[in-house]
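Accompanying notes for the structure given below.
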Amino acid sequence: MISRPLALRLLAFAALVALIGLAFWSQSAAFASTGNLRSLMRHMSVQGLAALGLTFVIVVRHFDLSFPGVASMGAMTLGWLIAAGMPLPVAIGGGLAVGLAFGLVNGFAVARLGLPDIVTTIGTGGLAIGFSYFYSNGTSISQNFFMSGILDLNDRKIAGLDMPFAILMGAALVGAILLHASRLGAGFYATGQNTVSARFSGVPTRRLIVVAFALSGIMACLAITLLVASSGAANVTAGNQLLMPAFAAVYLGAALFGRPSIGATLAGTLLMSMMLNGFTLLAIPYYYSDAIVSTVLITAIAIFDPRVSALLRRGAPRRKGEPV
Amino acid sequence: MAEGTRTVLDMRGIEKRFGDVKALDNVGFNLIAGEIHALLGVNGAGKSTLIKILSGVYTKDEGRIEIGGEAFDLGSPRAAIEAGIAVVQQHPELVGDLSGAENIYLGHEGTRPGLFARIDRSDLAARAEALLARFPIDVDLSRRVADMPAVDREIVAILHALRLENARILILDEPTSTLTEREKASLFAMMRMLKAAGIAIIYITHRLEEVYEIADRFTVFRGGRNVACHTVAEAQATGLSIPNLMLGTGGGLAFPPRATTPAGAPVLAVDGLSCDGMFRDVSFTACKGEILGIFGLVGSGVDELSKALFGVFRPDRGQIRLHGKPVTLRSPAQALRSGIFLVPGDRRTEGLTLDENVIFNTTVANLGRASFGGLLRFGANRRHTRALAEKVDLQPMRLDRTLRGFSGGNQQKVVIAKGLYRQAQAYIFVEPTVGVDIGARTKIYALMREIARDAAVIVISSDCDEVHGVADRTLALYKGAPVGSASRDTSRDHLLHAGIMGGIAA
């Protein structure tokens with residue numbers, strides 16, 4: 001990977017934010033309004049939580065394509081428990097437990113059984129979508145929502161911040177400590193960059209891969225909890241909108257900052273949310289923004305993938321002893 | 001076609017500066033058609049800068065380059081290729097799924113006319129055959145490269161470099177580092193053939209014995225200058241010491257003094273250890289205070305033995321005892337917890353995380369010590385890493401640089417620092433100086449001796465001189481079976497014969 005000083009990378013990020021911001025602001029003055037910025041931050045919270053979870057899986061160099069389906073099932077579980085009159089903490093815990101369970105299954109299948117991650121997680125994701133229809137045959141659930149207090153997750157404020165954004169910040173802080181300041185995080189990076197050397201260093205690589213998938217599942221379900229709280233209903237298709245922006249955020253961040261990290265993912269999420277929010281504001285249909293997110297994702301992969309970046313700097317002196 | 005002393009390459013007064021540093025200082029270098037010319041020097045001596053100028057990767061600041069009597073500027077890799085210079089990188093990049101012939105002409109395949117521009121396979125095969133007719137080497141170019149032995153891959157890389165008719169200078173950068181003795185012999189056979197065909201070969205190596213074996217002349221670089229150029233015959237006749245020329249000091253490949261005190265308590269003992277298809281009936285005892293050497297060629301089972309001692313492979317029979325107690329090593333993690341540390345034979349894939357910095361790599365094998373309550377102790381880790389980096393003499397002393405930015409010798413020093421941070425009781429070094437220059441080698445041997453003061457050290461290597469020079473007791477492994485027992489005064493020749501032929505000749 002091309003390594004540039006951090007200051008330069010931050011500058012590039014700030015320039016991108018300014019560029020995108022100014023572009024939308026010049027088209028619609030409402031972009032910079034307090035109301036819009038708050039809704040942007042809300043949107044960012046949901047996408048950001050899912051992307052944060054995915055970051056761990058990407059750091060250990062695996063793929064999780066199951067989290068949108070798992071999130072849908074988490075949403076339906078949450079809705080069903082609320083409708084059944086369960087206390088809110090139990091309902092939320094139930095939703096997150098779905099994420100944990102599927103994450104453990106993914107991790108076990110990939111790390112212990114050695115199954116290919118992409119196909120396996122497509123499968124488990126499909127399984128989760130199937131299960132999410134069991135609760136209500138596919139109709140959305142909203143009974144008891146007003147009484148349960150779940151809407152407060154969206155409406156309340158903490159220290160002047162909207163609750164969803166405060167939750168994202170809290171999760172990012174915990175995630176940053178976990179990934180960048182703990183032995184667990186060092187193990188994640190060691191596993192991802194060179195599994196053999198990590199194993200020879202006594203790092204429990206398989207266990208860490210399981211933990212990464214579990215974190216991805218839990219975070220996806222936490223993200224969907226906020227989405228359910230903001231829309232006031234649980235929906236079998238709730239998770240569908242998570243996949244592309246989460247991958248785009250992680251890869252865009254990694255492309256900007258040279259490697260996947262919590263900070264990089266937050267930066268990527270901000271850029272993605274600004275774009276999606278801006279397009280919505282300009283009344284561009286959502287299907288176009290899907291195409292744009294996908295383009296951003298592919299571009300980010302192109303920059304992040306060392307093979308591609310090697311092609312980009314062809315002609316520059318190849319470093320001695322660089323692996324194939 | 002090679003007439004005695006036709007000069008094909010003449011470089012004069014070459015200078016190259018990087019900022020204030022003169023990487024090459026008024027250097028001259030010449031090459032005669034049909035000679036094998038070894039280019040020697042410790043890392044940083046300037047030999048790779050010279051090669052990069054020759055291959056058009058760097059441009060020279062001063063000087064004149066003549067190829068076949070004609071002045072060339074070599075401003076780009078393309079210009080170098082057109083001038084007839086062929087380079088084989090240290091780790092040649094080949095496409096494993098393609099055949100040898102397809103790799104040789106990768107990007108230059110002829111196509112059949114038509115909409116799909118299909119690759120003309122008969123043309124490809126014919127051209128490969130023509131190339132083999134020029135250099136009659138026994139290699140099956142229709143095989144997938146991934147299925148080929150390492151030496152055939154090297155040959156494919158060389159043929160790839162020589163695919164153009166006009167190639168007359170071939171640069172080989174440490175081609176033998178991954179080859180076994182037998183494979184090395186077939187590579188040398190090929191080099192002699194190229195030489196007979198009039199191709200001049202610049203041969204870079206760290207293994208000095210190879211210079212006497214294959215080269216006609218050698219040039220030694222030190223500190224960016226050409227300090228010596230002799231024919232090998234001349235050097236042999238006058239007893240010239242190449243290590244002295246390379247290091248510029250009196251010392252050559254200095255092995256540290258042997259243990260003066262008798263060996264201490266047994267640490268790691270192995271009894272009748274067997275791993276089917278890899279090695280069998282291996283027994284030895286490694287004691288605190290001494291270095292035990294095991295000599296074995298690639299394929300003799302030594303690498304597998306080291307991994308069985310580290311919990312990677314489970315032995316089928318036999319016993320491993322630590323401090324007298326039998327242990328079953330289920331994983332590297334458990335081996336580490338038991339006090340065994342492996343400096344693996346392939347440091348790039350097994351020993352290091354190349355995209356992380358020195359601190360990460362030093363502490364990663366002992367994250368328990370590197371953290372408190374699960375959180376990393378950044379300050380303490382940097383302090384400990386600095387102390388260890390000073391101890392192993394890391395150069396440059398840049399703790400925040402990723403491992404990719406260090407030379408082979410310094411990468412190996414980081415692996416040793418990682419082992420020291422682990423504070424193990426038994427250290428197993430496998431091929432500890434492959435791809436390591438002489439200066440760093442001497443340091444690594446000294447470190448082994450120092451480690452052996454408080455721990456048992458086992459050195460496993462396919463370099464007989466290394467095993468004999470550094471170890472107090474030695475044994476050899478031949479085709480998976482031990483030859484002789486670990487004794488104190490096995491002669492070098494005895495050990496060499498045991499490891500190469502399985503017999504006690506000489």
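Throughout, a chain's letter reflects where its sequence line sits, starting with A, and its residues are numbered from 1. Note: hydrogens, waters and symmetry copies are ignored here, and every other heavy atom, side chains too, is used. Everything numeric in this text was worked out from a predicted model, so none of it was measured.
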Task: Proximity of residues 177-200 of chain A to chain B, residues having a non-hydrogen atom under 4.5 angstrom - done: Ile177(A), His180(A), Ala181(A), Ser182(A), Arg183(A), Ala186(A), Gly187(A), Tyr189(A), Ala190(A), Gln193(A), Asn194(A), Val196(A), Ser197(A), Arg199(A), Phe200(A)

Task: Side chain, backbone, both or neither of Leu342(B) within contact of chain A (heavy atoms, under 4.5 Å) - done: side chain

- [ ] Check side chain to side chain contact (heavy atoms under 4.5 Å, CB included) between Arg377(B) and all other residues, then give those that pass, not counting sequence neighbours.
- [x] Phe372(B), Ala380(B), Asn381(B)

- [ ] Supply the atom-to-atom distance Asn366(B) CG to Ser201(A) OG, rounded to the nearest 0.5 angstrom.
- [x] 10.5 Å

Open item on the list: Under 4.5 Å from any heavy atom of chain A, what part of Phe341(B) do you find: side chain, backbone, both or neither?
Closed with: neither

TODO: Could you pull out all residues at least two apart from Glu304(B) that satisfy salt bridge (Lys or Arg N to Asp or Glu O under 4.0 Å)?
DONE: none

Task: Exceeds 12 heavy-atom contacts within 6.0 angstrom, atom CE of Met244(A) - done: no

Open item on the list: Within a 6.0 Å radius of atom CZ on Arg78(B), are there more than 12 heavy atoms belonging to other residues, nucleotides or ligands?
Closed with: no

Open item on the list: Non-hydrogen contacts under 4.5 angstrom with chain B: give the residues of residues 97-119 of chain A involved, or none if there are none.
Closed with: none

Open item on the list: Within the supplied structure, the quantity of interest is the number of heavy atoms (other residues, nucleotides, ligands) at a distance under 6.0 Å from Arg401(B) CZ; does it exceed 12?
Closed with: yes

Task: Pick from Ala370(B), Ala365(B), Ala333(B) with the largest number of heavy-atom pairs that fall under 4.5 Å of chain A - done: Ala365(B)

- [ ] Under 4.5 Å, counting heavy-atom pairs only, tell me which of Ser76(B), Ser55(B), Gly368(B), Gly311(B) racks up the most with chain A.
- [x] Gly368(B)

